Amino acid sequence: MLLRETIIQAISSLAVNKLRSWLTIMGVAVGVFSIIAVMTALDAVDKSVESGLTSLGANTFQIQKNPATVFGSGHSRNLLANRKDITYQQALLFKKNMQSQARTIGFIIISPANQAKYANLSTNPDVTLTGGDENFSLANGFTVARGRNIAENDIRYARNTAVLGSEVAEKLFPSGENPQNRFIKVNGEVYNVVGVFEKKGAAFGQSQDNFVLIPITRYLDHINEKSSLSITIEALSRKQYQLAIDQAIGAMRLARGLSIKEKNDFEIRTNESLIDSFRDIKIAIGTGAFIISFMALLTAGVGIMNIMLVSVTERTREIGIRKSIGAPRRTILQQFLLESFFLSLVGGVIGILAGTTAGNVVAWKFNLPPIFPWIWITVSMVVCSGIGMAFGLFPAWKAANLDPVEALRPK
Amino acid sequence: MENEAVITMKSLCKFYEMGDQVVHALDAINLDFERNDYAAIMGPSGSGKSTLMNIIGCLDTPTSGSYELNHQSVAEMDDDELARIRNKEIGFVFQTFNLLPRLNCLRNVELPLIYAGVPPEERLQRAEEALIKVGLKERMTHKPAELSGGQIQRVAIARALINKPSIILADEPTGNLDTATSHDIMDIFGALSNAGNTIILITHEEDIARYTRRIIRLRDGKIESDNRQ
């Protein structure tokens, strides 16, 4: 019963200094906001990444020049920068050596940011021009919706055929006109459309359907922008997956002409390795956010203590009056502790609401369902209440132990 | 019954250390107050009357000697026991009123009952009765800032009365009031005394002291005179 009265007293005391209370609350809210927003966003991106990164087919891995993400700096970065591109000749050599151990081996070479045109329609200049072979669709999980895939003969004769990603097809043929046997232009080069791929959707918030696939031989002959090839290998079976990776490393070393002493100058990417490397980023960002939030909450806690000390000094007389009419120490302590507790609690709730909203804006950008990071919400609430209590304890203790004679003495 | 002692003080001393000097604020005080006493403690400033009032009011404890209030030895009590005694046994009326400015009259008056653990409905009812008793029926929901000095002091008296204390302790209750209002307030104390309350006033005004039935004069921490009239 007395607790109820104490709660009412605490809240009405806070209401007297509204601006001051709100400023203190905002301090806590910012700290909680940063951790909740980052964690919600990370969780959202995490879900997106796991679905996006498992885009490689089953039992499939890739060989590329560089890893998906690069950590560290200096020497390790320079080593990566000096790696030579994987050439078509090396890829063909690799294929020759590896053919018997793999179900399929596909090559891809990519040029980002191209503009495709048909009649008077054109796409944004963000279309990926992909040089590939007949295994591209298998290795990357695309199915042909209309027309046909790239065929072996297209590769052999470096024909100017093209298969469109569904987004490009929608942009250039908006009325649902059949794109087959139409001629489109990508960066000035003319291609004959032979098929359209099924829509795959977005990963990382980016469309996976915004590309034009042309035969890799055509690409290498006609596109000046030379970049490194990536090779997609499907193992014979799940059992032989690891073996296939080992064999592929050997075959690639041979194709690259590495001596025994030299290290691999290429990377193996599997679904797992991509997810793992993203985990590293997630942990790095998460740790950073946690440290920053912790600092912010600590600062907020100091702010709470400061404001409560001011409050105790200002209300010395009130404390004296309450004590003179019989308030025990415990009640005074409770009253001031509750005030700091409420400050941090309200700050925590605001931070959680704002942080969840901000995090879910990211989720929404990535076309993901809303996420409520219950664990972080719980952790934040506990930490907030703890900070309110811990930093409020000293001022409250000071108030509770004021000498009533001193407190009542006219100033 | 008439002569039952509410307060008994025996060789009560209070010393303060001021630097390397020891100040004898109260020096071997022997003093009794009986039930329904109506006494004034007088003396020049520095005579120890505030210190005596703080000890009688259980806001402070003596350095040595004994102090019994209603047969309870107060001298050895800890802070929380003292708080309980202040709540149950003593009603304070201060020169500077000491109401909480944010609370209205009713809320101020019921405050001691909150700490006594009285349920809300009963608190409100008793606070209303106390305010009616001091003639403030029309002003119950006003805040102290909306009242005159005399009215504020009546609220303070109502608060002092609410828990039916053994003694009412008034420290210069008219010190901040004009003469006419002072006499109004003293009339209220007179009525309370007639109703059987034990009242101890601290004042330095002779005409206020004349309202009481006993005048105790302090000088340099000692009792100079103790006259009943």
Side-chain angles (χ1 to χ4, degrees), chain A residues 1-21 307-308 310-339 342 396-411, chain B residues 14 16 25 50-51 53-55 57-61 78-104 107-123 144 156 159-163 165 169 171-172 175-176:
Chain A
M1 222 232 0
L2 190 52
L3 184 67
R4 209 195 94 204
E5 299 297 335
T6 315
I7 291 172
I8 293 168
Q9 280 167 9
I11 292 174
S12 58
S13 300
L14 289 176
V16 172
N17 283 303
K18 285 195 185 65
L19 179 63
R20 189 202 281 176
S21 299
I307 233 63
M308 292 310 296
V310 170
S311 178
V312 169
T313 308
E314 276 182 355
R315 284 151 68 192
T316 299
R317 192 165 193 83
E318 177 193 328
I319 297 162
I321 294 170
R322 288 183 185 279
K323 288 196 132 190
S324 75
I325 58 174
R329 268 184 311 188
R330 180 173 38 83
T331 314
I332 305 277
L333 190 85
Q334 271 177 0
Q335 186 186 342
F336 280 86
L337 260 190
L338 276 171
E339 285 182 29
F342 277 127
W397 177 85
K398 212 180 147 192
N401 284 292
L402 276 180
D403 176 4
V405 176
E406 285 297 321
L408 284 172
R409 185 161 291 159
K411 299 262 149 48
Chain B
K14 182 73 182 179
Y16 294 110
S50 289
T51 308
M53 159 163 146
N54 286 338
I55 290 178
C58 298
L59 291 167
D60 205 352
T61 49
D78 69 20
D79 283 2
D80 285 342
E81 285 171 310
L82 289 175
R84 192 182 54 81
I85 294 282
R86 290 197 291 270
N87 185 250
K88 300 258 192 246
E89 307 281 1
I90 293 158
F92 284 101
V93 179
F94 298 95
Q95 177 179 5
T96 49
F97 317 126
N98 282 344
L99 297 179
L100 294 181
R102 283 186 285 109
L103 305 183
N104 68 25
R107 296 291 171 202
N108 263 295
V109 173
E110 72 162 4
L111 219 46
L113 295 182
I114 291 180
Y115 296 123
V118 176
E121 308 78 40
E122 190 189 333
R123 283 203 309 255
R159 185 182 64 187
L161 286 174
I162 188 112
N163 222 359
L169 203 53
D171 183 10
E172 306 265 13
N176 279 354

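Keep in mind it's a predicted model, so treat the numbers as computed, not measured. Naming convention: chains lettered A, B, ... in sequence-line order (proteins, then strands); numbering from 1 in each chain. What's counted below: heavy atoms across the whole structure, side chains too, no hydrogens, waters or symmetry copies.
- Note that the OG atom of Ser324(A) and the CG atom of Asp171(B) stand 11.5 Å from one another [nearest 0.5 Å].
- If you measure heavy-atom distances from Asn54(B) to chain A, the contacts under 4.5 Å come from the side chain alone.
- One distance of note links CG of Asn401(A) with CG of Asp79(B); it measures 7.0 Å at 0.5 Å rounding.
- Considering all non-hydrogen atoms of both residues, Leu408(A) and Leu59(B) come closest at CD1-CD1, 4.2 Å.
- The line from OG1 of Thr96(B) to CZ of Arg317(A) is 4.0 Å long, rounded to the nearest 0.5 Å.
- Nearest heavy-atom pair across Ala83(B) and Ala327(A) is CB-O, 3.8 Å.
- For the pair Leu100(B) and Glu318(A), the tightest heavy-atom approach, listed with the atom from each and the gap, is CD2-CG, 3.4 Å.
- Here the straight-line distance linking atom CZ of Arg107(B) with atom CD of Glu5(A) works out to 7.5 Å at 0.5 Å rounding.
- Rounding to the nearest 0.5 Å gives a distance of 8.0 Å between CD1 of Ile325(A) and CG of Asn108(B).
- Of all the heavy atoms in Tyr115(B) and Gly326(A), the pair that sits closest is CB-O, 3.7 Å.
- In this structure, CG on Leu99(B) lies 7.0 Å from CD1 on Ile321(A), to the nearest 0.5 angstrom.
- Using a 4.5 Å cut-off between heavy atoms, Thr331(A) touches chain B through its side chain atoms alone.
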Gln9(A) and Leu103(B): CA distance, side-chain angles, deciding distance, side chain to side chain contact (heavy atoms under 4.5 Å, CB included) verdict: CA-CA 10 Å; Gln9(A) 280 167 9; Leu103(B) 305 183; over 6 Å; no

